[in-house]
Amino acid sequence: MFEGAPFRLNSYITLKRFTAITAALQYTDKPPPTTFVDRFHHVRQMIDAFNDHYAEEYIPSWLSCLDKSMNSWLNKFCPGFMTVPRKPHPQGNEYHSIADGDDGEPIMWRIKIQEGKYRPKDASGQWAYPSKYEGSNAKGRPYTKTSSLMCEMTEPIHGTGKIVSMDSGFCVTAGILHLHDLGVYGQSLIKKRKYWPNGVPGDQIDRYFEGKALGSCKSLKQDMGGIPFYVHCCKDTKYVTKMMSTHGLLTTVPDHITYRQKPDGGWESFSYPEFLSNHNHSKHWVDDVNNRRHDPIGLEQVWHTKWWPTRQFTFICSVAESNAVHSKARAQKATATPQLEYRRKLAKQMLNNRIQDDGNRLASPIRPRKRARESIAREHDLVSQPPYTGRWDNSTNNWAQIGTQYCQLKCNTCKTKCRTYCQCNKKVTMCTACFGNHMGTVYNTN
């Protein structure tokens, strides 16, 4: 049953029943708003439940990575649809995701769907679901869209002094300062878009490092409203790596060495400084979770659906599944189980689950499922005899061959002319009316 593909699960549930259940599936028990349209209503409670569960049950390690994830969906008319060409699955919904990676086994512990222009507003024109990180904070420092997002994503670790590393998509000076106000040390790679971020004299830094040795490091320290703000810099071959933060040291990490090829074909190396070593260790953690949920085949590839909320459900299920695999590997201090192998074992144990809501395990064996009406109906079907045949011949165990193409026989019960029979017994000719009585008897007996 659990060997090969597809799995044969008819002893547990029929395809017709599974389809009926999925057709009635809902991901929220809250009524939709009446004064405005919320296109994310069906998934909002589900996403909140995921975040609340990890906030209550999981304590992230000292270093986390904030990045983006894609949930593939090809219908551009779904809420929040976007195309990100650099992603392996470029079309669908984008989620902001944060993960930590103790022992190299990352766990994604918070997600937030990117709503974009579909973010709902109420009848007064205000945001229907406002963030607590909007306007200005207690120190009068105004929030921006990105800084508000950074504060929301790190909410479970506020006041812990933990570190969050981010790519250049989050290089917003206000966001780093807001995280510092909330007791979180943020660090983000710096990249020039149209302009350099506030407080980052990027062009002057590049000129300063011209002619410096490979691996040379320097920090620009500034005072931003009473908060020390650093721009850490490290010279590379063709550029200067810059990172903004309110913490960090230039101390080199001896066992984290990188190599660069010189123009003459030789090699040279240098040790990463602490701030860059932390970033390079953590920058792939969100991607690792996403790679595992797609390896070797993602749930969204096998659970075909045309209902958008179900696709979001498969995303959350696959993230939880990947987290479970990595959590198991952490606890056992072993290599993570291959995803498909873990999924197969999990499915088998869930189908044979005997754990009750109170956590106790039933001692009695699982009873086999009663035969469904559908399986009974498959054994009883009114079919026509083949052409050029008469009655069933018991001696040859086959139909009697005759010269008339469609021979009319008589029903064994009511003597009505017909050439049909129930496939449970080819010997008995049966008309449509008698077949109905026959099926009533079968169902009452079973």
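As the structure is a computational prediction, the values presented were derived from the model and not from experiment.
Atom OH of Y143 and atom CD of E134 lie 10.0 Å apart (nearest 0.5 Å). Here the OG-NZ distance, from S69 to K112, works out to 14.5 Å after rounding to the nearest 0.5 Å. Note that the OH atom of Y208 and the CG atom of L220 stand 10.5 Å from one another [nearest 0.5 Å]. Rounding to the nearest 0.5 Å places CG of N198 at 5.0 Å from CE of M224. To the nearest 0.5 angstrom, H232 atom NE2 is 8.5 Å from M243 atom CE. Distance CG/N51 to CD1/I316: 8.0 Å, rounded to 0.5 Å.
Within a 6.0 Å sphere centred on NZ of K87, heavy atoms belonging to other residues, nucleotides or ligands number more than 12. More than 12 heavy atoms of other residues, nucleotides or ligands shown are found within 6.0 angstrom of OH on Y27. Counting non-hydrogen atoms of neighbouring residues, nucleotides and ligands closer than 6.0 angstrom, the CG atom of L25 exceeds 12 such neighbours. For Y185, the OH atom is loosely surrounded, since the number of other residues' heavy atoms within 6.0 Å does not exceed 12.
With hydrogens and angles ignored, the 3.5 Å screen pairs no side-chain donor or acceptor of R260 with any backbone N or O of D236. The backbone N or O of T314 sits less than 3.5 Å from a side-chain atom of S318, completing a donor-acceptor pair. Side-chain N or O atoms of N291 include none that pairs as donor or acceptor with a backbone N or O of H294 at under 3.5 Å. At distances below 3.5 Å, not a single donor-acceptor pair connects side-chain atoms of S188 with backbone N or O atoms of M244. A donor-acceptor pair is defined here as one N or O able to donate and one able to accept, closer than 3.5 Å; such a pair exists between the side chain of N290 and the backbone of V286. Under a 3.5 Å cut-off, the side chain of S131 and the backbone N or O of Y133 do form a donor-acceptor pair. At distances below 3.5 Å, at least one donor-acceptor pair connects side-chain atoms of H326 with backbone N or O atoms of P106. Between the side chain of Q187 and the backbone N or O of S245, no donor-acceptor pair lies under 3.5 Å. In this structure a side-chain-to-backbone donor-acceptor pair under 3.5 Å is present from S282 to N278. Side chain of H247 to backbone of G161: no donor-acceptor contact under 3.5 angstrom is found.
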_E321/R292 under side-chain contact (heavy atoms from CB on, under 4.5 Å): CA gap, chis, key distance, verdict_ = CA-CA 9 Å; E321 182 186 49; R292 174 164 281 275; over 6 Å; no
*Start with the C-alpha gap between K262 and L214, add the side-chain angles, then the distance that decides, and say whether side-chain contact (heavy atoms from CB on, under 4.5 Å) holds.*
CA-CA 11 Å; K262 296 188 291 186; L214 181 68; over 6 Å; no
*Dump the intermediate steps for side-chain hydrogen bond (donor to acceptor under 3.5 Å, both in side chains) on Q45 and T28, then the final yes or no.*
CA-CA 6 Å; Q45 185 180 5; T28 180; 2.6 Å; yes
*Just do the side-chain hydrogen bond (donor to acceptor under 3.5 Å, both in side chains) check on S72 and H89 with the steps written out, would you?*
CA-CA 6 Å; S72 60; H89 298 80; 5.4 Å; no
*Under the side-chain contact (heavy atoms from CB on, under 4.5 Å) criterion, do W303 and T22 qualify, and how do the steps go?*
CA-CA 11 Å; W303 190 339; T22 55; 4.3 Å; yes
*Steps toward side-chain contact (heavy atoms from CB on, under 4.5 Å) verdict (T246, L179)*: CA-CA 9 Å; T246 56; L179 290 180; over 6 Å; no
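Geometrically, K121 engages W127 in a cation-pi contact defined by less than 6.0 Å to the ring centre and at most 45° from the axis.
For the residue pair Y129/D38, the side-chain donor-acceptor check at 3.5 Å is satisfied. If you check the side chains of N93 and Q312, you find a donor sitting under 3.5 Å from an acceptor. With no hydrogens or angles considered, a side-chain donor-acceptor pair links Y12 and N352 at under 3.5 Å. Counted by atom type alone, N75 and W308 present zero donor-acceptor pairs between their side chains at under 3.5 Å. Under the 3.5 Å distance criterion, with hydrogens and angles disregarded, no donor-acceptor pair is assigned to the side chains of T154 and R110.
Ring geometry for H256 versus H281: interplanar angle of 30 to 60°, hence tilted. Ring geometry for F270 against Y272 counts as perpendicular: the plane angle is over 60°, on a 0 to 90° scale with 30° as the lower cut. Note on ring orientation: taking the six-membered ring where Trp is involved, the planes of Y58 and Y54 are perpendicular (angle over 60°, cut-offs 30° and 60°).
Between R86 and D167, none of the side-chain N atoms (NZ, or NE/NH1/NH2) sits under 4.0 Å from a carboxylate O, so this pair counts as no salt bridge. Ion pair K132/E155 flagged as a salt bridge, since at least one NZ, NE, NH1 or NH2 atom sits closer than 4.0 Å to an Asp/Glu carboxylate oxygen. Using a cut-off of 4.0 Å between Lys/Arg side-chain N and Asp/Glu carboxylate O, R44 and E115 are scored as salt-bridged. A salt bridge links E300 with R293: at least one charged nitrogen is closer than 4.0 Å to a carboxylate oxygen.
The shortest non-hydrogen separation linking C233 to K242 is SG-CG, 4.4 Å. Nearest approach of S165 to H279, heavy atoms of both residues: OG-ND1, 2.7 Å. For the residue pair K191 and S168, the shortest heavy atom distance occurs at CB-CB, 3.5 Å. Of all heavy-atom pairs spanning F275 and C234, the tightest one is CZ-CB, 4.3 Å. Nearest heavy-atom pair, Y342 versus A324, reported as atom, atom and distance to 0.1 Å: OH-CB, 3.2 Å. Taking both residues in full, the closest heavy atoms of H96 and M153 are given as O-CE, 3.3 Å, listed atom of the first, atom of the second, then distance.
Side-chain atoms of T305 and W73, non-hydrogen and from C-beta on, do get closer than 4.5 Å to each other. Proximity of S64 to K162: side-chain heavy atoms (C-beta onward) are nowhere separated by under 4.5 Å. For the pair F315/I111, a side-chain contact is recorded, criterion being any heavy-atom separation below 4.5 Å from C-beta on. With contacts defined as side-chain heavy-atom distances shorter than 4.5 Å, the pair V383/T420 does not qualify. Residues D122 and S124 form a side-chain contact, since some pair of their non-hydrogen atoms from C-beta on lies under 4.5 Å apart. For the pair L249/E274, a side-chain contact is recorded, criterion being any heavy-atom separation below 4.5 Å from C-beta on. Looking at heavy atoms from C-beta onward, F170 lies out of side-chain contact with V164 at the 4.5 angstrom threshold. Between I13 and I21 there is a side-chain heavy-atom pair separated by less than 4.5 Å.
Aromatic ring centres of F81 and F77 lie farther apart than the 6.0 Å criterion allows.
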